[in-house]
There are 2 protein chains.
Amino acid sequence: MQDTPSRPYHHGDLRRAVIETALDMLAEEKGWQFTLREVARRAGVSHAAPYKHFPDKAALLAELAMIGFDRLRDALSAAKPEAPKTLRDEITPIARAYLAFGTENPALYRLMFSAEEGKAVGMHLNERALAVFDILREILRLGQAAGSIRKRPIEGQAAAGWGLIHGLTMLAIDGLLVPEKVGSAPLDAALSALVEGLGSPAT
Amino acid sequence: MQDTPSRPYHHGDLRRAVIETALDMLAEEKGWQFTLREVARRAGVSHAAPYKHFPDKAALLAELAMIGFDRLRDALSAAKPEAPKTLRDEITPIARAYLAFGTENPALYRLMFSAEEGKAVGMHLNERALAVFDILREILRLGQAAGSIRKRPIEGQAAAGWGLIHGLTMLAIDGLLVPEKVGSAPLDAALSALVEGLGSPAT
DNA sequence: CGCTTAAGTAGTCACTGTCAACAATGTAGT
DNA sequence: ACTACATTGTTGACAGTGACTACTTAAGCG
């Protein structure tokens with residue numbers, strides 16, 4: 001190209017630039033189209049440059065998904081209350097943070113759960129995803145130890161909890177919860193059901 | 001169909017043939033690729049023939065999604081027990097049927113919930129989707145009238161229930177529930193939580 | 001300074017969705 | 001009956017995509 005003194009021939013850290021550009025495009029969420037060429041165009045490099053850093057498109061998407069899971073885990077950790085008095089007080093802010101993450105990053109969230117799990121990438125992705133899962137599992141474990149949660153197989157309880165919030169998030173993303181109409185009623189009701197279902201009867 | 005001596009120029013009922021071919025391809029689920037040209041190829045017509053029946057690819061996908069919702073509704077209606085003794089007995093077979101539908105038609109199920117909802121198509125699609133929703137809402141309404149379900153806003157309870165089963169189904173499709181390891185424990189646990197959360201304390 | 005090598009480029013290929021022009025078929029009007 | 005027309009399917013073309021290869025350039029090393 002002609003004169004572009006600002007950008008050196010060697011981008012320096014094109015890998016990171018590609019990822020950030022891609023994340024920006026995901027955030028804009030213009031109908032969930034994602035072309036590698038568009039990413040390269042936006043990053044200001046040629047359409048084949050990303051191939052020097054990612055073997056193919058799926059690899060980039062997998063990377064983005066993993067970053068998404070990391071961010072989700074961080075968001076949930078940050079939302080965890082310090083000294084919750086009840087199980088509900090402990091779970092509610094985390095659930096809200098989860099739902100907020102999904103609705104604020106719909107394209108990214110969808111990508112996270114739409115990556116092919118048959119590939120080798122799926123293994124690593126599942127690791128990150130299960131790290132999110134572990135947060136919930138830990139809460140249940142401590143709750144059972146403290147006696148505030150029924151003593152039942154944690155795997156099932158955790159799956160119920162994750163499934164519930166994941167489903168609500170997906171429905172919200174798909175516009176089937178009509179949040180402007182329903183408000184936060186579904187989340188509150190769902191959490192009530194969950195807390196009352198998982199919590200010890202004595203509580 | 002009978003033998004086609006030399007495929008007539010006019011297919012006769014290409015619209016239906018295209019839809020059925022597409023559904024077959026969805027069922028095969030080879031990695032969620034869906035090209036209009038492949039559908040036309042399989043249906044034995046030229047690559048542009050479907051455009052005489054569908055304005056574009058999205059229209060065909062929307063049609064498929066609607067059919068999917070109709071089938072799901074039928075499956076759930078068929079699974080509804082005649083004379084359930086408890087709330088759990090009533091909900092369990094329906095939930096199992098829902099999960100089975102999702103795991104047996106993963107590509108179709110995903111399509112149903114991935115259609116763009118911003119378009120005009122989304123309105124009709126939402127109608128069908130909400131018809132499924134109504135089944136759950138009706139159960140809750142009757143349950144509240146009979147006193148077996150806590151009297152709380154039905155919208156929230158229904159959202160909780162649908163979100164739960166939808167989330168479990170999606171997780172199962174994405175292979176994050178490792179069903180061969182966990183078995184039906186998540187569903188059972190989730191239903192326990194839901195039933196105990198929604199059901200009246202007296203029950 | 002000259003060399004190797006990583007980083008970026010241009011260009012190709014097969015494929016897709018879509019559109020326009022054309023041909024075959026069925027239908028209606030006189 | 002026999003022609004005008006509308007319907008339906010076909011062919012061919014276009015731009016855009018992901019993947020790939022051969023080429024060019026810059027950067028770092030001896």
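Naming: A, B, ... by sequence-line order, numbering from 1 per chain.
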> Given C/dG8, is OP1 or OP2 found less than 4.0 Å from the side-chain N or O atoms of A/His53?
Replying inline: yes
>> Protein within reach of the bases, or only the backbone? For nucleotides 11-16 of chain C, mark each nucleotide 5' to 3' as B, S or -, using heavy atoms under 4.0 Å.
In response: BB---S
>> Under a 3.5 Å threshold, yes or no: a donor from one side chain and an acceptor from the other, between B/Thr21 and B/Asp24?
In response: no
>> List the residues meeting side-chain hydrogen bond (donor to acceptor under 3.5 Å, both in side chains) with A/Arg71, not counting sequence neighbours, and say none if there are none.
In response: none
> Separation of B/Lys52 atom NZ from C/dA21 atom P, in whole Å?
Replying inline: 12 Å
> What residues form a side-chain contact (heavy atoms from CB on, under 4.5 Å) with B/Glu138, not counting sequence neighbours?
Replying inline: B/Arg141, B/Leu142
> Are side-chain N/O atoms of A/Thr35 and A/Arg41 paired as donor and acceptor at under 3.5 Å?
Replying inline: no
> Could you state the CG-P distance from A/Asp13 to C/dG8, rounded to the nearest angstrom?
Replying inline: 10 Å
> Hey, are the side chains of A/Asp134 and A/Arg137 touching, using non-hydrogen atoms and a 4.5 Å cut-off?
Replying inline: yes
> Phosphate oxygens OP1/OP2 of D/dA19: is one of them under 4.0 Å from a side-chain N or O of A/Tyr51?
Replying inline: yes
>> Just the rounded figure in Å: distance from P of D/dA19 to CZ of A/Phe54.
In response: 13 Å
>> Let's go through A/Arg16 and A/Glu20 carefully: what are the C-alpha distance in whole Å and the side-chain angles of both, what is the deciding distance for salt bridge (charged side-chain N to carboxylate O under 4.0 Å, His left out) to 0.1 Å, and is it a yes or a no?
In response: CA-CA 6 Å; A/Arg16 191 164 306 271; A/Glu20 286 194 10; 5.7 Å; no
